[in-house]
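Working notes, beginning with the structure itself.
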Amino acid sequence: MSYKQPDEHGYYGEFGGAFIPEMLYRNVEELRENYLKIIESASFQEEYKLLLSDYAGRPTPLYYAARLSEKYGTNVYLKREDLCHTGAHKVNNTIGQILVAERLGKKRIIAETGAGQHGVATATVCALKGLECIVYMGEKDIERQAPNVARMKMLGASVVPAKSGSKTLKDATNEAIRDWINNPNDTFYIIGSVVGPHPYPDMVARFQSVISKEIRAQLQEKTGTELPTAVLACVGGGSNAAGTFYHFLDEPSVDIIAVEAAGCGIDTHMSAAATQLGKPGVLHGSKSYLMQTADGQVEEPYSISAGLDYPGIGPMHANLFVTGRGQFLNATDKEALQAAFELAKLEGIIPALESAHALAALNKISYTKNDTVVVCLSGRGDKDMDTYMREMQNY
Ligand SMILES: *Cc1c(COP(=O)(O)O)cnc(C)c1O
């Protein structure tokens with residue numbers, strides 16, 4: 001059995017599937033029938049690779065962090081997704097999906113966004129391809145994330161406020177799904193993580209898998225072996241983690257370590273650690289681990305980092321969790337802030353708050369000077385400077 005890919009019905013073990021309203025069946029079925037044919041075609045691969053290199057800036061460096069390595073007594077490498085165009089790994093996926101949309105003849109692109117990172121990455125590729133772009137975003141998030149709203153608008157996207165519920169990501173996702181139901185023929189929905197109905201989790205994981213493909217080649221060149229001792233990544237929905245783990249999942253010698261956001265702490269009701277606090281349930285089209293109340297309503301998550309503030313995780317990760325293939329750790333807001341200030345001072349790199357959660361886990365594992373630990377630095381910290389300035393005197 002492979003941990004990388006779902007079965008033909010979209011299941012990773014008991015998780016995944018496509019739980020969708022009848023009215024979405026045609027859209028999802030059209031994608032399911034065509035996505036592999038499209039992705040595997042020579043013309044797609046040629047254009048995808050060219051855009052990844054010349055537009056997104058790949059391969060991203062694998063950087064040996066000497067001072068961090070000294071501090072933790074092991075060899076720490078950082079996979080520099082923060083150096084991608086638009087500042088995070090998300091563009092790997094939106095480039096892939098816009099090329100699929102184009103080949104399916106779609107003219108109108110919709111997306112949901114929380115902090116605005118996926119919205120910006122989607123607006124970017126829509127500008128690149130001259131396609132109409134509508135981004136749904138919670139009204140509260142529009143207020144909180146003004147710079148990203150401005151970026152999306154400058155890139156030509158319409159940003160539509162979601163005014164229902166808590167007016168955040170989950171509500172924006174509901175609005176995007178409603179739009180898709182109403183526009184079944186000309187519209188493509190670009191989902192931002194390894195979540196949603198099959199085939200989205202598999203499609204997004206394939207697009208992000210370029211991360212671990214590059215890590216293998218870069219480690220071979222730098223250390224003489226393709227396999228590290230461990231790979232670490234933060235998990236919101238789980239796309240940067242899926243990409244970082246992908247080509248190591250079926251290599252039993254490699255430790256797979258996922259880091260969730262603990263918020264104020266696991267037992268404070270202010271947390272987003274879905275595996276620790278959740279149980280199996282269905283959200284946004286697939287079965288996975290989900291934070292929910294006793295009667296099955298979705299529990300509001302909390303994390304200082306907007307990108308990890310999601311009540312579930314993708315089905316691939318739920319399977320890694322229950323089978324024990326992956327180790328699931330978590331880091332609090334404070335631990336992540338600590339790790340962000342540490343990286344800035346030791347290596348001269350300001351990480352995204354999300355990525356800082358993965359870095360914080362270096363304190364929670366123990367490896368030796370002969371081991372190799374690769375941490376995915378999923379994004380850069382520019383968008384988090386307000387938070388960092390507020391917290392500066394505490395660290
Ligand atoms: C969106 C985001 C994440 C969380 O999303 P995943 O799908 O879990 O990767 C992590 N890091 C950064 C920098 C992000 O922008």
Side-chain angles (χ1 to χ4, degrees), residues 60 78-94 96-97 111-122 124 137 141 145 147-148 151 169 172-173 190-196 200-201 203-212 231-246 258-261 272-275 284 286 288-289 301 303-318 320 326 328 330-331 336 339-340 343 349-361 375-385 387:
T60 58
L78 302 177
K79 182 58 173 163
R80 301 290 309 275
E81 295 302 296
D82 60 315
L83 296 177
C84 287
H85 180 45
T86 74
H89 66 291
K90 289 203 169 72
V91 76
N92 303 328
N93 170 44
T94 59
Q97 287 198 52
E112 84 295 338
T113 197
Q117 293 300 106
H118 174 57
V120 168
T122 303
T124 297
M137 188 169 185
D141 290 333
Q145 310 290 338
N148 274 341
R151 288 165 85 195
L169 176 60
T173 306
I190 296 190
I191 293 183
S193 191
V194 284
V195 299
Y200 278 98
M203 180 169 67
V204 177
R206 284 167 188 259
F207 290 145
Q208 293 293 359
S209 71
V210 64
I211 299 173
S212 48
V231 283
L232 269 80
C234 67
V235 179
S239 69
N240 86 90
T244 303
F245 300 164
Y246 200 87
V259 188
E260 294 180 295
T275 59
H284 298 145
S286 58
S288 188
Y289 257 70
S303 164
I304 193 171
S305 115
L308 304 184
D309 197 350
Y310 186 70
I313 51 169
M316 173 203 276
H317 297 296
L320 295 177
F328 281 72
N330 54 80
L343 188 72
I349 299 170
I350 299 176
L353 266 168
E354 290 83 5
S355 323
H357 286 73
L359 293 162
V375 182
C376 182
L377 204 65
S378 54
R380 57 182 173 245
D382 308 32
K383 69 184 177 58
D384 299 312
M385 284 314 296
T387 307

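Residue numbers count from 1 along this sequence. Ligands are counted one by one from 1 in listed order, and the atoms in each one are counted from 1 as well.
Looking only at distances, a side-chain donor or acceptor of H317 sits under 3.5 Å from a matching main-chain atom of G238. Judged purely by atom type and a 3.5 angstrom limit, N93 has no side-chain atom pairing as donor or acceptor with the backbone of Q208.
Here the CD1-OG distance, from I211 to S239, works out to 7.5 Å after rounding to the nearest 0.5 Å.
Within the structure, salt bridge (charged side-chain N to carboxylate O under 4.0 Å, His left out) contacts touching residues 303-315 (residues at least two apart or in different chains) do not occur.
A distance limit of 4.0 angstrom between heavy atoms and ligand 1 selects the residues A88, H89, K90, Q117, S193, C234, V235, G236, G237, G238, S239, N240, G307, A352, E354, S378, G379.
Looking at I191 and M203, their side chains never come closer than 4.5 Å, going by heavy atoms from C-beta outward. Inter-residue side-chain proximity for K90 and T122 is flagged as unmet; no heavy-atom pair is nearer than 4.5 Å.
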